[in-house]
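See structure below.
Nothing fancy with the numbering, it's 1 onward along the sequence. Counting convention: from 1, in listed order, for ligands and their atoms alike.
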Amino acid sequence: MPALTDRFGRLHDDLRLSITDRCNLRCVYCMDDDVRFRPRDELLSVAEIGRIAKVARSLGVRSVRVTGGEPLVRREVVEIVATLAEMGFEDLSLTTNGTRLAGLAAPLAEAGLQRVNISCDSLREERFPEIRRRGRLEEVLGAMEAAEAVGLRPLKVNVVLARGVNDDEILSFAEFARTHRRIVRFIELMPLDSAGAWCRDQVVPSEEVIATIAQRYPLEPVHVAGDQAPAERYRFVDGGGEIGVIATVTRPFCGTCNRLRVTADGAVRNCLFSDEERSLRDLMRSGADDGMLVAAFLGSLADKRAGHGIDEPGFLRSRRSMSMIGG
Ligand code: SAM
Ligand code: SF4
């Protein structure tokens, strides 16, 4: 049996690797304006990130997504991607807010990055900064073109929907997916904002998203054997582009979860919503050998619960918010 199989039989071959908790934006659903960042010396160095990735690879991790905070605000991001690319992961991608991608797309692709996910929650110039508090839509749209031009494909566009904020743009995003033949993924709002303001009424159920789009543009489900990605996928019956929905809140996919996470300060976590953590950084800085890092990964996996329990009475919010974990 592969090393990273948990007690529920779930194989974990996907690693979300956060390289910073900092960000140049302050999206309302993620980071408060007065958020505090970790001192830099608490974050993993490039060498430490490389060592953790190597151990993960040896345990059978096949795919790595670099994230943050905003990964492109870390000066060494190209060096980090090159280090990971040398290890031969089958899939190496990065999630970004897109504001700094235009200038970095080519060096990242040259370093071995295969794909990017770009977050964009509104296609309206005036609304964009209301949600992300900083940044301009134009930069993000330009970044999408820059990414595709250097072969960072397929491009996925992440849209977090919130009731009364941007749920009137569902069809605009569907048309955007069709026009540009891109994958647009609608993510349900999760209780991971640093302000602790999330409430369930703000969540736009994925079912509603699909029904809204299908009424105007007929959709059919896409099934790929062995695909454990969290998104339920749909294609347009009459053309290009794709829609995905990530229904973490209303239709949790914990039963097929294949992800482990490492935070920017080096903690391995087995779930976005669980504060069960083991510090790989502290182990490395106290002279641990690779066997001890392996044991920390396996220990984390052994403690993984069957589900995140958002809907259970005793659910407690994670002590860390999304940007401090790595989404
Ligand atoms: N800064 C990058 C970005 O925005 O794409 C990468 C990190 S961000 C934490 C990763 C993803 O998490 C983004 O698509 C973002 O929109 C999403 N996200 C952040 N907070 C969220 C929340 N409370 N609920 C759902 N998704 C969230
Ligand atoms: Fe920054 Fe991404 Fe969080 Fe927005 S979602 S504040 S861009 S880390």
Side-chain angles (χ1 to χ4, degrees), residues 16-38 64-74 77 93-101 104 108 113 115-122 128-137 139-140 143-144 147 152 155-163 165-167 173 183-200 202-206 209 229-231 244-250 252-253 259 261-264 269 272-273 308 310 317-318 320-327:
R16 301 291 152 100
L17 187 58
S18 174
I19 63 170
T20 181
D21 60 344
R22 283 155 214 265
C23 187
N24 56 336
L25 304 187
R26 296 286 183 277
C27 303
V28 289
Y29 52 73
C30 180
M31 240 190 229
D32 233 0
D33 242 337
D34 58 359
V35 68
R36 290 189 182 263
F37 300 120
R38 305 250 160 194
V64 174
R65 168 106 53 86
V66 178
T67 185
E70 172 49 37
L72 301 190
V73 302
R74 180 139 182 191
V77 63
S93 63
L94 176 144
T95 302
T96 172
N97 63 35
T99 53
R100 298 200 176 171
L101 181 62
L104 280 166
L108 285 169
L113 189 69
R115 303 185 291 114
V116 281
N117 291 1
I118 301 182
S119 304
C120 179
D121 308 309
S122 177
F128 186 89
E130 286 168 18
I131 300 174
R132 312 218 104 190
R133 292 208 186 96
R134 298 172 194 171
R136 286 183 307 122
L137 172 63
E139 294 164 338
V140 178
M144 293 182 195
L152 294 172
L155 178 69
K156 294 183 183 170
V157 178
N158 285 352
V159 184
V160 177
L161 286 177
R163 183 73 75 203
V165 175
N166 58 350
D167 54 339
F173 272 109
I183 303 171
V184 170
R185 308 191 314 162
F186 295 94
I187 305 175
E188 287 181 350
L189 192 68
M190 297 180 245
L192 287 168
D193 53 310
S194 65
W198 180 89
C199 80
R200 211 174 201 286
Q202 296 172 298
V203 177
V204 182
S206 293
V209 174
V245 286
I246 303 183
T248 317
V249 179
T250 63
F253 37 85
R259 275 164 292 283
R261 296 171 189 275
V262 173
T263 63
R269 287 176 68 108
L272 265 178
F273 299 98
H308 58 45
I310 288 180
R317 290 182 56 112
S318 164
R320 295 200 195 223
S321 59
M322 183 66 118
S323 63
M324 296 179 64
I325 302 169

Distance check, rounded to the nearest 0.5 Å: [X] atom [atom1] versus [Y] atom [atom2]?
| X | Y | atom1 | atom2 | answer |
| --- | --- | --- | --- | --- |
| L17 | T263 | CG | OG1 | 9.5 Å |
| I325 | R269 | CD1 | CZ | 4.0 Å |
| F253 | T248 | CZ | OG1 | 4.0 Å |
| T99 | R134 | OG1 | CZ | 11.0 Å |
| L72 | R100 | CG | CZ | 8.0 Å |
| L161 | L189 | CG | CG | 9.0 Å |

**Asked** Which one of P191, G68, S323 has a non-hydrogen atom at the shortest distance from atom 8 (S) of ligand 1?
**Response**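 Considering heavy atoms of P191, G68, S323, the nearest to atom 8 (S) of ligand 1 sits in G68.
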**K156, R22, Q202, E188: member with heavy atom nearest to atom 25 (C) of ligand 1** =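 Heavy atom nearest to atom 25 (C) of ligand 1 belongs to E188.
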If we only consider heavy atoms of [X], is any one of them less than 4.0 Å away from an atom in ligand 1?
| X | value |
| --- | --- |
| G69 | yes |
| R132 | yes |
| C23 | no |

How far is [atom] from the closest protein heavy atom, and which atom is that?
| atom | result |
| --- | --- |
| atom 20 (N) of ligand 1 | Y29 CD1, 3.2 Å |
| atom 24 (N) of ligand 1 | M190 N, 2.9 Å |
| atom 27 (C) of ligand 1 | M322 CE, 3.5 Å |

Specify the closest pair of heavy atoms between [X] and [Y], including all atoms of both residues, with the distance to one decimal.
| X | Y | answer |
| --- | --- | --- |
| C120 | V140 | CB-CG1, 4.1 Å |
| A147 | L155 | CB-CD1, 4.5 Å |
| N97 | C23 | ND2-SG, 3.7 Å |
| R115 | L152 | N-CD2, 4.1 Å |
| T95 | S119 | CG2-OG, 4.3 Å |
| T250 | E188 | OG1-OE2, 2.5 Å |

Is there any N or O on [X] that sits under 3.5 Å from an N or O of ligand 1?
| X | result |
| --- | --- |
| N158 | yes |
| E70 | yes |
| S119 | yes |
| T96 | yes |

**Prompt:** Hey, mind stepping through E70 and T96 against side chain to side chain donor-acceptor pair (under 3.5 Å) and telling me if it holds?
**Reply:** CA-CA 6 Å; E70 172 49 37; T96 172; 2.7 Å; yes
**Message:** Under 4.0 Å from a heavy atom of T67: which atoms of ligand 1 are those, numbered in the order shown and with their elements?
**Reply:**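 Near T67, the atoms of ligand 1 are 6 (C), 7 (C).
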**Request:** List every atom of ligand 1 that sits less than 4.0 Å from any heavy atom of V160, numbering the atoms from 1 in the order shown and giving each element.
**Result:**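 Close to V160: 16 (O), 26 (N), 27 (C).
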**Request:** Determine whether the side chain, the backbone, both or neither of T95 has a heavy atom under 4.0 Å from any heavy atom of ligand 1.
**Result:**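 The answer is both, backbone and side chain.
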**Asked** Which atoms of the protein, restricted to N, O or S, are nearer than 2.8 Å to atom 4 (Fe) of ligand 2?
**Response**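 Protein N/O/S atoms under 2.8 Å of atom 4 (Fe) of ligand 2: C27 SG.
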**Contact check, G69 vs ligand 2, heavy-atom distance below 4.0 Å** =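 Yes, G69 has a heavy atom closer than 4.0 Å to ligand 2.
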**Asked** Any donor-acceptor pair under 3.5 Å linking the side chain of R16 with the backbone of T67?
**Response**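 No.
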